[in-house]
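It should be emphasised that the depicted structure is a prediction, and the values quoted were computed from it without experimental measurement.
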Amino acid sequence: MSDPVDATTTSAWAELTALHADFHPDLRGWFADDPERVQRMSLTLADLHVDLSKSLVTSEIVAALVKLAEQTGVAERFQAMLAGAHLNTSEDRAVLHTALRRPPGIEPALDVDGQHVDEDVQGVLDKMTAFADRVRSGEWAGATGKRVTHVVNIGIGGSDLGPVMVYDALEPYADAGIEARFVSNIDPTDIAQTTADLDPETTLFIVASKTFTTLETLTNARLARDWLQNGLVASGAIADDDDAKTDAVAHHFVAVSTALDKVEAFGIDPQNAFGFWDWVGGRYSVDSAIGLSLAIALGPEAFRELLAGFHAVDEHVATTPLEKNVPVLMGLLNVWYSNFLGAQSHAVLPYAQQLSRFPAYLQQLTMESNGKSVRWDGSPVTTTTGEIFWGEPGTNGQHAFYQLIHQGTRLIPADFIAFVNPAYPLTDGGRDVHGLFLANFLAQTKALAFGKTAEEVEAEGTTGALVAARTFPGNRPTTSIFADALTPRVLGELIALYEHITFTQGTVWGINSFDQWGVELGKQLALQIAPAIEGDDGAVAQQDASTRALLEYYHAHRTAAPDA
């Protein structure tokens, strides 16, 4: 790859700097003076209606931001990614999560580094579909012949956050009587609580680890294997011998991994392993075999509709001019807020309980991707990078942190996401509850944008010091994203939207959004500290003074651990 462009040296950056120097946000005035603002800044992205009109930008700022995208090569880099260029420079890898959702038979075929990518992707999808159909129909059964009622995905990071978020979002589509659950944390509470009310005879585990070496995942997989075998033996469902226990694992465990030797050593038939490739980063992998639990619980058709939503956004980014390109524009707005207006965090506020895990999913996508201080050529960044993504669904957030967004001293851009039609339409005394819910969605963005002046407060009869307390400054930027309903296709569109927002920002900043070396040091040190936890005096002596003191506290207060 070519060296990154230093955005701060471009003429577009200089123009934005000049515009910022004379910038006085006035959403009330802008709306009053420009009757076409809403129409001009409301865009369509596949099935999503995106209203950018409450953004803190003028037409001149938007034009300068588009120039910045042009001058930093956003469109060219996106095309290079689609073609399989090695954008992941630190690991010398292609970045091809977009290939996971290319439709069957699409032309021209994608061949990268000697691999027939489309053939391989469709082959894994076909294998996932066939297996999911077997489980859903009852053809695949447990060791005692009972059909599967629960599938438990064991993974961490991208192997967990994506599947659990999508399952929660699309749970109304789970139509086969199979519930999905998810285990990720190495805290033993996680797997203990997840399996507490399950029947070993009807539980299927999916161990999701590309290398089959991930510490947390393999630890939880071994605990699940013990739970399964011990439970089946205790109930008399299988004999208490090695052959019966091995057979049970073969009936109740499958893997998402390419390390077939390790999969087989664990006791899983390699034929029941579903692979993916090193050009799929974990946080971009929910549309790969990592989504096997989704294909089983929601059905292969719903999973393919999810992929179609992803692809629709990929096509939009690849073919739409930058000035109308929704993910690019939203990424550029984030650059404006972060680098010029000083915003440090970004709220994602879905007015849909089903998207309760969406902000957590975006935390990994955005902060693991763009939380970097060096560019893809190894040189230091030339401006601030990354944002803190956070949020909660619906009116829950209104009763928690909206006070800070409305009247605090920090600028917090916010994305509001809502759906016209709910999954569960209910009424209260004849009143549509979803309509009341959406009234809050609309009211919050209006209040944030336009606020409430002291004169308006006084006109309501308020006097004295309370006037200032009840005044809202407004000019708090929001984006509103609306769709007809939360379907698999729409969810795929939403995920891909934020993938490409993240891509746009990473390109402008000149960073590699596809590695994550920042997570490695702590993992390495944990392996070094583990012997100290277990009582190795030599390992304790190697630690710093603070860590030694904490280890002493642990050893002094730890009750007896269970027998190995």
Does a side-chain heavy-atom distance below 4.5 Å link Met367 with Leu362? no
Spatial distance of atom CD (Glu387) from atom CD1 (Ile501) [nearest 0.5 Å]: 9.5 Å
For the pair Asp175 and Arg136, find out whether any cationic side-chain nitrogen is under 4.0 Å from an anionic carboxylate oxygen. yes
Heavy atoms, side chains only, cut-off 4.5 Å: are Phe303 and Leu298 in contact? no
CG/Leu349 to CG/Asp415 distance, rounded to the nearest 0.5 angstrom? 8.0 Å
Presence of salt bridge, Asp126 and Arg304, under 4.0 angstrom: yes
Testing Leu228, Ile206, Asn272 for side chain to side chain contact (heavy atoms under 4.5 Å, CB included) with Phe253, which one passes? Leu228
For a 4.5 angstrom cut-off between non-hydrogen side-chain atoms, does Ser369 reach Gln505? no
With no hydrogens and no angle check, just 3.5 Å: does a side-chain donor-acceptor pair link Asp515 and Ser90? yes
Does a side-chain heavy-atom distance below 4.5 Å link Asn153 with Val183? no
Lys/Arg-Asp/Glu bridge criterion (N-O < 4.0 Å) met for Arg489, Glu493: yes
Taking the inter-plane angle between the rings of Phe205 and Trp227 on a 0 to 90° scale, is it parallel (under 30°), tilted (30 to 60°) or perpendicular (over 60°)? perpendicular
Does Leu292 reach the side chain of Val254, with side-chain heavy atoms less than 4.5 Å apart? yes
Given the rule in the side-chain hydrogen bond (donor to acceptor under 3.5 Å, both in side chains) test, do His434 and Asn421 qualify, once you have shown the distances and angles that lead to the verdict? CA-CA 8 Å; His434 188 65; Asn421 298 292; over 6 Å; no
Taking every non-hydrogen atom, the tightest pair across Ser137 and Arg147: O-NH1, 3.8 Å
Ion pair Arg357/Asp168, N-O distance below 4.0 Å: no
With side chains defined as the heavy atoms from C-beta onward, is the minimum distance between Arg283 and Glu499 less than 4.5 Å? no
Spacing of Asp242 atom CG and Gln229 atom CD [to the nearest 0.5 Å]: 8.5 Å
Decide, yes or no, whether a salt bridge links Asp278 with Lys210 under the criterion of side-chain N to carboxylate O below 4.0 Å. no
How many angstroms lie between atom CZ of Phe182 and atom CD1 of Ile191, to the nearest 0.5 angstrom? 14.0 Å
Rounded distance [0.5 Å steps], CD1 in Ile481 versus CG in Leu497: 5.5 Å
Given salt bridge (Lys or Arg N to Asp or Glu O under 4.0 Å), test Asp240 with Lys245 step by step and report yes or no. CA-CA 7 Å; Asp240 188 6; Lys245 291 178 179 179; 3.3 Å; yes
Side chain to side chain contact (heavy atoms under 4.5 Å, CB included), paired with Ser184, selected from Thr217, Thr194, Leu161, Asp160: Asp160
Under a 4.5 Å cut-off applied to non-hydrogen side-chain atoms, are Leu45 and Val313 in contact? yes
Quick check for you: to the nearest 0.5 Å, what is the distance between Ser513 atom OG and Phe503 atom CZ? 8.0 Å
For Tyr361 and Tyr498, I'd like to know if the aromatic rings sit close, meaning centre-to-centre distance below 6.0 Å. no
So does Arg181 pair up with Asp197, basic N to acidic O under 4.0 Å? yes
Should Trp517 and Lys372 count as side-chain neighbours, where that means a heavy-atom distance under 4.5 Å? no
In terms of the angle between their ring planes, are His97 and Phe514 parallel, tilted or perpendicular, with boundaries placed at 30° and 60°? tilted
Taking all non-hydrogen atoms of both residues, which atom of Leu48 and which atom of Ala483 are closest, and how far apart? CD2-CB, 3.9 Å
Could you check Phe441, Phe419, Phe416 and say which one makes a ring-ring contact (aromatic ring centres under 6.0 Å, His included) with Phe482? Phe441
